[in-house]
Amino acid sequence: MIIYLKNIWETYATVFEGMAITFSYLLQRPITVQYPDRMKESVPETLPEKYRGRLMVDTELCTACGLCAKACPIDVIEMKGGRAEGKKGLRLIYFNIYHGKCMYCNLCVEACPAEDGEEDEHHTAIYFKKNFEGSSYTLNGLVEQFIPPDEARRRLKESEEIAAKRAAAAAETTKNSEAKQESDKPKDGGDV
Amino acid sequence: MNFALPLLEKLKQEMTSKTSEIIQADSKMPILKIEAKDIREAVKKLHDDPAFDMKYLNCISGLHLTQTKEDGTLDLLGFEVLYVFSSARDFSTIAVRVDLPEKNPAIDTIDDLYGSANWFEREVYDLLGVNFINSSDLRRIMLPQDWEGHPLRKDYKEQASYNGMPTTRPNEMESIRIE
Amino acid sequence: MITENDLQSRVEITPINGSEIEINMGPHHPSTHGVIRFILFLDGEIVVRAVADVGYLHRSIEKIAENLPYPMFMPYTDRVDYVAAINCNLGYALAVESLAGLEVPERATWLRMIGAELNRINSHLIAVGALAMDVGATTPFVHAIREREYILDLLEILTGTRMNNNYVRFGGVCQDVPEDFFKKTEKFLDHFVLFLGEFNRLLTTNKIFLERLINVGILTGDQALGFSFSGPNLRASGVGHDLRRIDPYCFYSDMEFSVPVGSGVKGTTGDSFDRFIVRIDEMLESVKILRQIMSKIKEGPIQSKIPRKIVLPAGESYHRSEAPRGELGFHIVSDGKSNMPYRIKIRTGSFAAMTSLSELFKGMMVADVVAYFASLDVVAPEVDR
């Protein structure tokens, strides 16, 4: 009987203790914030410096080396570089990122050798923006093309022309220098 | 890593068949390689003998042994099942390895000795197709019961569809290719 | 009133033939956390026999590993146990490093430990919160999630992400932290100790909560060992097994912390309440470890030089570390030629905990099934991998 009453007393006492704690939160400022319209400052501003938001690429800085695409475990990045008129080295032809598959693992950013020398959040050509909002109504909408398709087609054509020209020139020189050997395999002009 | 070489040597000596050998003896994990028919004897000894007192089964793992030939094709060499046990006293750990043939790989179950062995064995059975003889409940564990093949075999080809559902998804990147 | 004897006797009720009801609990059930299915055969409210069905979250991580170079598999280890991602990263990194003989700078090791211990607290908060929610107390879960939010904020500074951090790299970690991170962590730890006191008043002393857990799902030490339990589940059964102690990695051998062991404070050793209280105690131990790390960490490099192509020597090895859900073992086999593993088998604590269910559910009430299962802290993706 005593145990029975003691159980009842303990139940009430401990439940009311819990209630008191819960009640004390009524008098405090709420911990939750209403996203996004009631925030004092926008969320990206409150994020730490190296936050991994959306994956972006600086198409000017990028040297189209392709190391990021190689480092990616799930082939999120599809890119291609090619020669351009009046530019040394490679230029991007297209650069597509499929955000729907990206798992924000940072491996591509660590692989990127193109740095602009500044110590800010995007000192590499491929970088994570702090912005994390990027929902889309279709799966297709999650594929981001950093070079617009028309421009990409133009660049592809241009690089192909240059490559063909160089291949022809290379073939010419091979023919001239080694006239006996009939090798029509052109030297690697660009890596197109 | 406290993998215990002395315990392995002791076990090797106490086995009735003298075909067992210790491999990787100088590495971090020495392994006792025994024949498939001896597994019950060895595990019983480990479990019941107070000198070992291996009441704890860490893991049963398995793998498909293959070798790539010069022309790129695979030479299928059978299966390996690895048992890792720990002592309940000082938690020193030993590993026992069994090699099985490529055709009809089968080994005696140990699930009457260890409560957890059944699930570990089911996983090996499901993913590699190793049969555990006299197992109390040998069903697939990860994959559906009517799945074809055992995925962790090196020569595994995934079925194209399962119950009318395709097993691959179209790549969204295809739709925007310019080449 | 239910006495100790009644509790024992109710296990022995035999079913009336032909009156069994088969019910499916899950795969989408609020208390199965993820997708796990139990087929329960009931006699009234008592489980006669039970079959656990897993595999709904099988993502074939082990097969993926065979087709990826070692560094590229790192993000996948996050997904083995997403609640404690850094612990899984760490386990994998340690396994490969010990095989490849890679050095890790001192500061990187400290940072790894900070990440792992923060993640451990994080994971245990989810465990105790979800346990409370499964037995009917919703408020403590919200409190636990709130604290977890602070940890996620810290992890955000440390790693750049909130979950699935992919923080550890071979031979180091992916990024250094600003100095104010330590101040923030210090502040959080002070706050967290106070919070745990409040949490205990809110939940741990609550009579109704206690009655749901005490003497439910009792596992003796031998039973727990037989079911390959590890981590807090094994310790709750009175076995002082902690790989940070037995098989120290990182700098855990220099740390002063005790290993909480279940002693049946309210009921019997190894009951669900012991599994709960061991986790609460472990969070306090993690706080202790974190404070020690914070006092010892020094400036320095965070990444050592590693070869561009990691090829492990031929052979196999089993490396284990202490994740919040118990022993996390990586069985890595290398053929000595390729930069990809020949085989990786991941042994997880949740998988081992699942093996006990069919046995233990026998004779339990359905409500106790939920309490027992929640007390095991099983995370479905870790079971299926």
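Because only heavy atoms are used, hydrogens play no part in the values below, and waters and symmetry mates are left out as well, while side chains stay in. Chain identifiers are assigned alphabetically (A, B, ...) following the order of the sequence lines, protein sequences preceding nucleic acid strands; residue numbering begins at 1 within each chain.
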Side chain of A:R52, backbone of C:E156: donor and acceptor closer than 3.5 Å?
->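 No; zero donor-acceptor contacts below 3.5 Å.
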
Does a side-chain heavy-atom distance below 4.5 Å link [X] with [Y]?
X: C:K207; Y: A:N7; result: yes
X: A:P73; Y: C:F73; result: no
X: A:I31; Y: C:Y150; result: yes
X: A:E10; Y: C:I208; result: no

Rounded distance (nearest 0.5 Å) linking atom [atom1] of [X] with atom [atom2] of [Y]:
X: C:R169; Y: A:N106; atom1: CZ; atom2: CG; answer: 6.0 Å
X: C:E198; Y: A:I21; atom1: CD; atom2: CD1; answer: 5.0 Å
X: C:Q175; Y: A:E110; atom1: CD; atom2: CD; answer: 8.0 Å
X: A:C105; Y: C:M72; atom1: SG; atom2: CE; answer: 9.0 Å

For C:R162 and A:Y104, test the side chains for any donor-to-acceptor distance below 3.5 angstrom and give the result as yes or no.
-> no

Region of A:A13 in contact with chain C, defined by heavy-atom distances below 4.5 Å =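 Contact with chain C is absent: no heavy atom of A:A13 under 4.5 Å.
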
Heavy-atom proximity to chain C below 4.5 Å, by part of A:Y25 = side chain

Within 6.0 Å of CG in A:L27, more than 12 heavy atoms from elsewhere =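 Yes, CG of A:L27 has more than 12 neighbouring heavy atoms, counting only those of other groups under 6.0 Å.
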
Considering non-hydrogen atoms only, spot the tightest contact between C:P75 and A:L107 and give its length.
->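 The answer is CG-CD1, 3.8 Å.
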
Closest heavy-atom contact between A:T14 and C:T205?
->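 It is CG2-O, 3.0 Å.
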
Select one option (side chain, backbone, both, neither) describing which atoms of C:D180 are under 4.5 Å from chain A's heavy atoms.
-> neither

Proximal component of C:P140, with respect to chain A [non-hydrogen, under 4.5 Å] |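 For C:P140, no heavy atom lies under 4.5 Å from chain A.
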
In terms of heavy-atom pairs under 4.5 Å with chain A, which of [options] leads?
options: C:I157, C:I64, C:D153; result: C:I157
options: C:H143, C:M74, C:R146; result: C:R146
options: C:N206, C:T159, C:L210; result: C:N206

